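Single-structure report; data block below.
Because the structure is a prediction, the values reported are computed rather than measured.
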Amino acid sequence: MTDDTTVDEANVDDTATSDDTTAHDARPEPLTVTYERLRHSTDAAELHEFARRPLPDRSEQAAFSRATALLEAVAGNPHTPEEDRVFLASTMPFPNVLVKLSEDASAAVRKAVAANTDDKNWLVGRLTKDDVSEVRDVALHNKRTSWKMRLEGAQDPNMDSDTLDFLSRLGTELEPDANVVLSSMVRRAVALNPNTSQETVERLADDPSAEVVHAARRRLSQ
């Protein structure tokens with residue numbers, strides 16, 4: 001069983017021990033029944049309890065798979081309190097849960113997903129294209145972000161100067177073991193970006209990469 005488990009994929013014994021029982025039946029509800037109930041629930045207290053419930057030990061495979069599948073339903077329910085959705089977005093490593101939260105209407109929730117270093121690179125990459133600049137900026141700071149997304153961020157004429165300054169340090173001060181070619185492409189794009197601050201461009205004029213230096217000095221001469 002992998003962390004990518006979804007409800008349809010979860011091969012879970014519905015007789016596994018669980019707290020999510022009905023009042024009239026000592027046996028737990030079938031997983032799909034509980035999932036749909038939580039997905040449509042308007043009971044914020046119940047949703048809060050599920051969001052904060054400690055996960056079973058991974059050695060209890062059936063109970064663990066069930067719990068992570070149910071968190072997907074809780075994460076995707078807008079009636080789950082925002083602070084609980086932010087909590088899940090910040091702490092959960094499960095792609096099925098994080099995908100739900102990455103589509104949340106709240107920018108605070110999406111920002112928390114963007115900062116989560118357990119994200120898959122394709123997911124944090126999607127958030128570099130978010131409608132809210134703060135979410136995009138946080139995603140670009142995430143080490144899981146691909147170099148392709150970092151390069152596109154460095155080329156974005158609407159990118160803020162603080163994030164451009166961060167990108168200008170990749171491969172030198174930050175992530176010094178990064179791919180030399182890819183990191184220099186990002187720094188060169190920063191040097192050419194009209195939103196890059198004068199201070200950052202001046203620093204790039206002394207960059208270890210000749211192509212970055214050339215771009216920065218060309219910019220300074222304009």
Side-chain angles (χ1 to χ4, degrees), residues 1-128 130-132 134-136 138-139 141-144:
M1 188 66 62
T2 67
D3 288 345
D4 294 47
T5 304
T6 63
V7 162
D8 291 334
E9 294 168 340
N11 182 17
V12 180
D13 180 357
D14 286 333
T15 63
T17 302
S18 172
D19 292 333
D20 42 295
T21 59
T22 60
H24 63 278
D25 191 344
R27 294 174 301 172
E29 293 177 321
L31 174 61
T32 52
V33 173
T34 308
Y35 182 94
E36 288 302 315
R37 178 167 60 78
L38 289 173
R39 189 164 74 92
H40 298 291
S41 176
T42 58
D43 185 343
E46 176 188 37
L47 293 164
H48 166 76
E49 194 278 326
F50 265 90
R52 301 288 177 151
R53 182 182 294 182
L55 290 170
D57 190 273
R58 284 176 179 268
S59 63
E60 302 173 38
Q61 292 187 3
F64 184 82
S65 294
R66 179 185 179 92
T68 57
L70 294 178
L71 280 178
E72 180 184 322
V74 173
N77 189 328
H79 295 286
T80 300
E82 183 180 73
E83 60 268 26
D84 293 319
R85 300 191 328 263
V86 169
F87 168 76
L88 292 174
S90 302
T91 61
M92 290 295 109
F94 312 116
N96 58 315
V97 176
L98 293 174
V99 167
K100 290 285 186 183
L101 294 166
S102 73
E103 300 167 348
D104 200 282
S106 166
V109 175
R110 300 196 309 277
K111 179 181 173 182
V113 176
N116 190 324
T117 54
D118 285 313
D119 282 341
K120 300 295 184 183
N121 62 1
W122 55 263
L123 177 56
V124 72
R126 263 177 27 184
L127 291 169
T128 66
D130 195 88
D131 291 338
V132 176
E134 191 174 5
V135 176
R136 296 196 300 269
V138 170
H141 279 72
N142 192 324
K143 288 185 177 182
R144 301 290 293 177

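Formation of a donor-acceptor pair under 3.5 Å by the N77 side chain with backbone atoms of R39 is found in this model. With T34 contributing its side chain and P30 its backbone, the two residues share a donor-acceptor pair below 3.5 Å. Of the possible polar contacts, none joining the S65 side chain to the A62 backbone as a donor-acceptor pair under 3.5 Å is found. Judged purely by atom type and a 3.5 angstrom limit, N116 has no side-chain atom pairing as donor or acceptor with the backbone of P93.
With sequence neighbours excluded, no residue forms a ring-ring contact (aromatic ring centres under 6.0 Å, His included) with H48. The side-chain contact (heavy atoms from CB on, under 4.5 Å) test applied to A89 returns L101, V109, A112, V113, not counting sequence neighbours.
Shown here is E46, whose CD atom has more than 12 heavy atoms of other residues, nucleotides or ligands within 6.0 Å. With a 6.0 Å radius and a threshold of 12 heavy atoms from other residues, nucleotides or ligands, D57 has its CG atom above the threshold.
You'll find the side chain of L31 reaches within 4.5 Å of the side chain of L70, heavy atoms only. Here the side chains of L55 and F94 are in contact, with some heavy-atom distance below 4.5 Å.
In terms of heavy-atom proximity, A73 sits nearest to L38 at CB-CB, 4.1 Å. Of all non-hydrogen atoms in A107 and V132, the two that sit nearest each other are CB-CG2, 4.1 Å. Shown here for E29 and R37, the closest heavy-atom pair between the two residues is OE1-NH2, 2.9 Å.
Among residue pairs with one or both ends in residues 97-108, those qualifying as side-chain hydrogen bond (donor to acceptor under 3.5 Å, both in side chains) are E82-S106, R85-D104, S102-R126; sequence neighbours excluded.
No side-chain donor from either of S41 and D43 sits under 3.5 Å from a side-chain acceptor of the other.
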